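For reference, the structure discussed in these notes is given below.
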Protein chains: 2
Amino acid sequence: MATIKEVAALAGVTPTTVTNVLRDRGRVGDATRERVLKVVAAQGYRPNLNARALVERRAPTIALMLGCITNPFYPEFTLQANNAARRHGRFLLVCNTDYEPDGGTRFLADVAGSLSDGILVANNGDLRIDELKAIQATGTPVVISIWEFPDDPPGVPCVAFDSHKAGFIAADHLLELGHHRIGALIGSPKNGIHGGRYQGFRDALRARKVKHVLADARFCSDSFQSGFDAALDLLSAHPDLTALFVSNDLPALGALNAAASLGLNVPDDISIVSVTDIELASQSRPSLTTVAIPTAEMAEQSVELLLKLIANAPDVPPVVRTADPVLVKRASTAPVRKS
Amino acid sequence: MATIKEVAALAGVTPTTVTNVLRDRGRVGDATRERVLKVVAAQGYRPNLNARALVERRAPTIALMLGCITNPFYPEFTLQANNAARRHGRFLLVCNTDYEPDGGTRFLADVAGSLSDGILVANNGDLRIDELKAIQATGTPVVISIWEFPDDPPGVPCVAFDSHKAGFIAADHLLELGHHRIGALIGSPKNGIHGGRYQGFRDALRARKVKHVLADARFCSDSFQSGFDAALDLLSAHPDLTALFVSNDLPALGALNAAASLGLNVPDDISIVSVTDIELASQSRPSLTTVAIPTAEMAEQSVELLLKLIANAPDVPPVVRTADPVLVKRASTAPVRKS
DNA sequence: CTGTTAGCGCTTTCAG
DNA sequence: CTGAAAGCGCTAACAG
């Protein structure tokens with residue numbers, strides 16, 4: 001790899017001039033510029049980004065910490081974040097933390113120390129806020145990317161969507177269809193990451209004076225298999241349920257399969273609605289009615305917020321609110337059957 | 001962020017000693033070591049990896065270039081590659097190239113120039129081998145991670161699995177079940193990335209003297225929707241087909257849905273087998289019989305091969321062959337019905 | 001065992 | 001308009 005020195009020598013100038021040409025800095029003579037550019041092209045010279053980072057005290061990458069890249073929501077998010085980062089001339093360092101022995105603490109510190117100028121943290125419901133604050137304190141900005149509680153900020157800058165509304169909209173859709181025996185499958189503990197969605201669901205029922213008891217709910221983890229198991233359990237225990245609210249697409253897809261296993265037709269025997277709208281939601285059979293959250297917007301806003309923080313911009317808001325979630329009607333919900 | 005100088009000052013030593021302590025270079029007195037470690041802990045000091053990379057002429061990351069992270073095979077591969085990289089003390093820089101204006105050429109050059117010590121390229125069937133060679137020529141090792149033709153190496157070090165055998169095994173499974181009217185859905189051009197799988201399929205039929213004509217094949221792209229469309233077309237055109245060989249899981253899942261749309265029961269009316277075994281293959285309804293390729297092994301071997309190349313190890317093989325693909329019987333295939 | 005010196009490749013004052 | 005000099009934070013010789 002050619003260095004700037006070699007390029008400078010070949011062009012008969014000093015490194016300073018090469019930099020000035022490449023970075024479009026001070027005025028360089030047209031002839032000199034030509035000459036330098038010719039050598040740069042001939043040598044295929046590319047500046048060493050590490051060296052540049054060192055002197056500029058600014059890394060070329062931002063990091064994205066996420067729990068598990070194989071959960072299909074994250075690749076979709078990652079893609080958008082990557083694109084946004086690229087648009088701003090940055091590289092995205094994707095950090096999968098699930099398999100780190102210490103849950104990613106060390107990983108985070110290494111990355112934040114030097115490799116990356118800032119950290120995007122995808123909320124997986126298991127955040128260590130104090131650690132994030134410690135990182136912040138060292139001077140590396142941190143943004144939580146997918147915060148579910150816009151009115152209850154975590155004390156770290158974040159991008160939040162209205163999870164309560166998402167749950168509300170989903171439930172309301174079922175109510176509109178005439179359902180009133182509705183089960184709930186929540187992909188987190190009751191007051192965990194999907195707690196806002198669940199609360200929205202309950203508030204929608206209450207608004208229409210439909211009762212919800214804890215016996216009609218199951219709390220599981222955010223996976224296909226877990227949703228399958230929980231749905232099997234719930235639907236067996238309460239055969240009178242005509243609809244299911246699931247807090248996330250992945251367990252909802254599991255629930256879809258569970259219903260089929262029980263010989264229940266979706267949506268004729270049981271309607272299923274969930275939240276998120278990952279790509280798979282449109283590919284299942286039946287396709288999944290779900291409340292889409294603004295994934296792309298969150299990714300973009302997160303990157304932008306982080307870059308503002310890095311640039312030390314004034315008046316950076318502690319919480320960026322995204323657009324509201326929106327119902328995507330597909331084939332897994334239908335009016336309740338008259339019995 | 002504290003620097004090594006500050007730490008050294010606080011501990012009453014020079015930066016050299018701090019380095020020696022931190023890198024376990026020996027030759028440091030116990031008392032001094034203690035003292036340094038205490039300051040390091042107190043300051044939460046972490047070395048600047050960029051500065052280290054600069055002086056060591058060795059970057060802390062390796063890059064993984066891939067077409068589209070949202071194709072579910074890649075997150076699975078990425079996870080394994082990430083874990084392997086981490087085991088070797090490296091960070092994995094994930095580079096999505098599909099949305100780069102120039103197909104990733106510039107991206108590649110930037111990353112290879114300095115950010116990463118080596119490049120892993122996930123084969124998406126659209127490789128620019130000459131560009132990869134050019135990168136290699138600048139001194140940055142390149143490894144192609146998922147090569148399909150072990151006997152036809154690309155001229156760049158690679159990890160290859162036996163795609164021919166994968167196709168052969170899949171076809172053989174259908175033949176064993178008594179099928180002889182078998183359609184083929186190939187997720188690439190005829191001699192494209194899935195060409196080996198297709199050839200294996202045809203060779204298996206020929207070995208059993210079962211005819212295959214091009215009219216029974218469709219070539220599509222490697223996506224759910226594309227598989228859906230192609231299957232719809234193929235199955236409508238040839239209602240006598242009793243089985244389908246699909247070259248990849250993603251289009252196979254589309255085919256599964258297409259069959260359902262046509263009112264065909266899988267596997268009673270039509271058997272479907274494919275190749276890869278992504279996680280979704282076990283979550284579809286019916287679950288997908290498929291020939292598993294050694295994804296995790298490829299990821300690990302790729303990382304190891306790349307690191308050997310980076311370390312300038314002697315006798316590095318130009319092609320690493322993985323274990324053979326293996327049939328995973330699930331619910332999408334069944335014996336042909338007597339007619 | 002510990003310190004001194006030099007330099008990785010680049011950019012940024014500041015002179016000329 | 002161009003160059004000389006200094007230094008980003010770290011590590012590797014080589015002294016002592």
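The structure presented is a predicted model; accordingly, all values stated were derived computationally and were not measured. Order of the sequence lines fixes the chain letters, A, B, ..., with proteins taken first and strands second; residue numbering starts at 1 for each chain.
- B:T295 and B:Q80 share no donor-acceptor pair across their side chains, judged by distance under 3.5 Å alone.
- Every residue two or more places apart in sequence or in another chain that forms a side chain to side chain contact (heavy atoms under 4.5 Å, CB included) with A:L54 is listed here: B:N48, B:A51, B:L54.
- Residue pairs meeting the side-chain hydrogen bond (donor to acceptor under 3.5 Å, both in side chains) criterion with at least one partner in residues 93-104 of chain B, sequence neighbours excluded, are A:R86-B:E100.
- Between the two ends of the helix from C:dC1-D:dG16 to C:dG16-D:dC1, each summarised by a five-pair axis, the helix axis turns through 40° (rounded to 10 degrees).
- Under the side chain to side chain contact (heavy atoms under 4.5 Å, CB included) criterion, B:V55 pairs with no residue, sequence neighbours left out.
- A search for salt bridge (Lys or Arg N to Asp or Glu O under 4.0 Å) contacts involving A:D117 returns A:R90, not counting sequence neighbours.
- Applying the side chain to side chain contact (heavy atoms under 4.5 Å, CB included) rule to B:I193 yields the partners B:N123, B:E148, B:S188; only residues at least two apart in sequence or on another chain are considered.
- Applying the salt bridge (Lys or Arg N to Asp or Glu O under 4.0 Å) definition to pairs two or more places apart or across chains, those involving residues 54-72 of chain A are A:R23-A:E56.
- Rounded to an integer number of Å, the gap from CG of B:D24 to C1' of D:dT11 is 15 Å.
- Residues forming a side chain to side chain contact (heavy atoms under 4.5 Å, CB included) with A:K38 (at least two apart in sequence, or on another chain): none.
- Distances shorter than 4.0 Å separate none of the side-chain N or O atoms of B:R58 from OP1 or OP2 on C:dC8.
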(request) Quick one, give me the B/S/- string for nucleotides 11-16 of chain C, reading 5' to 3', where B means a protein heavy atom under 4.0 Å from the base and S means that only happens at the primed atoms, P, OP1 or OP2. (result) BB----
